[in-house]
Protein chains: 2
Amino acid sequence: MKISEAAARCGLGIDTIRFYERSGLLPPVARGADGKRRFSPGDVDWLILMASLRETGMPMERMRRFAELYRRGDDSISERRRMLVDHAATLAARRAGLDRCAALLAAKLKRYDDIEKGE
Amino acid sequence: MKISEAAARCGLGIDTIRFYERSGLLPPVARGADGKRRFSPGDVDWLILMASLRETGMPMERMRRFAELYRRGDDSISERRRMLVDHAATLAARRAGLDRCAALLAAKLKRYDDIEKGE
DNA sequence: CGCTTGATCTGGAGCGGCTCCAGGTGGGTA
DNA sequence: TACCCACCTGGAGCCGCTCCAGATCAAGCG
């Protein structure tokens with residue numbers, strides 16, 4: 001499929017996909033006879049993974065490392081597993097941060113109500 | 001209190017606090033006779049709010065707007081409330097994103113287990 | 001058949017949000 | 001007196017996009 005369709009499916013922008021390719025986050029993407037990128041469904045799965053990791057705060061450096069390990073094949077699975085487990089832990093931390101912020105907002109909103117009632 | 005203590009209490013870096021002041025995200029911070037910043041507990045509360053909003057993805061532009069409204073006093077409460085309610089909605093969306101990512105990671109990890117067992 | 005439209009390409013500039021650094025000031029201790 | 005440390009300012013640097021100019025090419029159309 002074309003890059004526009006891949007972008008629609010993974011939620012990244014077209015420019016971001018090209019940027020990720022330049023940055024070594026993608027296995028080399030095939031090109032058609034016209035020189036344009038052709039994405040396989042597997043490419044899209046990979047893009048979705050990259051998008052998820054990035055959106056949830058994994059730095060590009062670590063994503064590059066992960067991509068490199070992936071290229072090496074099954075021997076690298078134990079290290080990849082470690083990376084994903086680590087990242088799952090940071091997800092939990094982030095969620096806690098979100099919850100703290102939500103609580104803070106709720107308290108603020110309540111104070112606004114009190115102020116307006118008090119007038 | 002000094003900037004180092006304020007930084008320790010709100011979780012932001014010293015440079016980030018100074019940057020936020022330059023950027024209009026803080027009410028003007030008082031200075032001692034020595035020209036150094038002196039933070040009140042109220043300043044720290046504000047920094048904690050800014051840190052929470054920023055960490056959870058509110059753009060600086062909106063934070064600046066919120067700070068400006070705050071300076072205007074109680075008349076701006078309805079707009080401030082709207083901003084915080086909006087932001088609470090984005091928190092929920094982010095949490096959903098985290099959960100999707102966590103599910104994806106869990107699926108990947110399971111596949112790794114299957115691959116290693118299969119060998 | 002030539003012409004326009006639209007999607008893609010490349011390389012590079014610009015931007016948001018920090019983060020770090022050089023160079024300078026002033027208070028506290030030995 | 002000399003040193004150390006925290007703080008100051010202005011500006012450069014960095015990450016992760018995002019946008020832009022200028023070129024190419026396929027498809028649709030009068």
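A, B, ... follow the sequence lines: proteins, then strands. Residue 1 opens every chain.
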**Student:** Taking only side-chain nitrogens and oxygens of R31(A), does any of them come within less than 4.0 Å of OP1 or OP2 of dT10(C)?
**Tutor:** yes
**Student:** Rounded to whole Å, how long is the line connecting atom CG of L26(B) with atom C1' of dG17(C)?
**Tutor:** 15 Å
**Student:** Please tell me which of the listed nucleotides, dT8(C), dC8(D), dG16(D), lies nearest to the side chain of R37(B)?
**Tutor:** dC8(D)
**Student:** Measure from the side-chain N and O atoms of W46(B) to the backbone N and O of L25(B), and report whether any donor-acceptor pair falls under 3.5 Å.
**Tutor:** yes
**Student:** Should R72(B) and E68(B) count as an ion pair when the cut-off is N to O under 4.0 Å?
**Tutor:** yes
**Student:** What residues from residues 38-58 of chain B pass a heavy-atom cutoff of under 4.0 Å to DNA chain D?
**Tutor:** none
**Student:** Can you tell me how far P of dT18(D) sits from CD1 of I14(A), to the nearest Å?
**Tutor:** 13 Å
**Student:** Enter the distance from F39(B):CZ to R9(B):CZ here, rounded to the nearest 0.5 Å.
**Tutor:** 12.5 Å
**Student:** Which letters describe nucleotides 19-26 of chain C, given B = protein heavy atom under 4.0 Å from base, S = only from sugar-phosphate, - = neither?
**Tutor:** BB------
**Student:** Could you go through the side-chain contact (heavy atoms from CB on, under 4.5 Å) check for L49(B) and F66(B) one step at a time?
**Tutor:** CA-CA 11 Å; L49(B) 176 60; F66(B) 188 84; 3.8 Å; yes
**Student:** Does R54(A) use its side chain to pair, donor to acceptor, with the backbone of M58(A) at less than 3.5 Å?
**Tutor:** yes
**Student:** Over all strands shown, is S23(A) touching base, sugar-phosphate only, or nothing at heavy-atom distances under 4.0 angstrom?
**Tutor:** nothing
**Student:** Does dC18(C) have OP1 or OP2 under 4.0 Å away from a side-chain N or O of Y20(B)?
**Tutor:** yes
**Student:** Does K110(A) offer a backbone N or O that forms a donor-acceptor pair with the side chain of D113(A) under 3.5 Å?
**Tutor:** no
**Student:** Tell me: CZ of R62(B) to C1' of dG17(C), nearest whole Å?
**Tutor:** 17 Å
**Student:** Measure from the side chain of I3(B), starting at C-beta and using heavy atoms only, and say which of dC8(D), dT10(C), dG16(D) lies closest.
**Tutor:** dC8(D)
**Student:** Could you tell me whether the side chain of R95(B) and the main chain of R95(A) form a donor-acceptor pair under 3.5 Å?
**Tutor:** no
**Student:** Check the distance between dC18(C)'s P and E61(B)'s CD and give it to me in whole angstrom.
**Tutor:** 14 Å
**Student:** What's the CD-P distance between E21(A) and dG11(C), to the nearest Å?
**Tutor:** 11 Å
**Student:** Any side-chain to backbone donor/acceptor pair from R64(A) onto S23(A)? Under 3.5 Å, distance only.
**Tutor:** yes
**Student:** How many angstroms lie between CG in D99(A) and CG in L91(B), if you round to the nearest 0.5 Å?
**Tutor:** 9.0 Å
**Student:** What integer distance in Å separates E5(A):CD from dA7(C):P?
**Tutor:** 14 Å
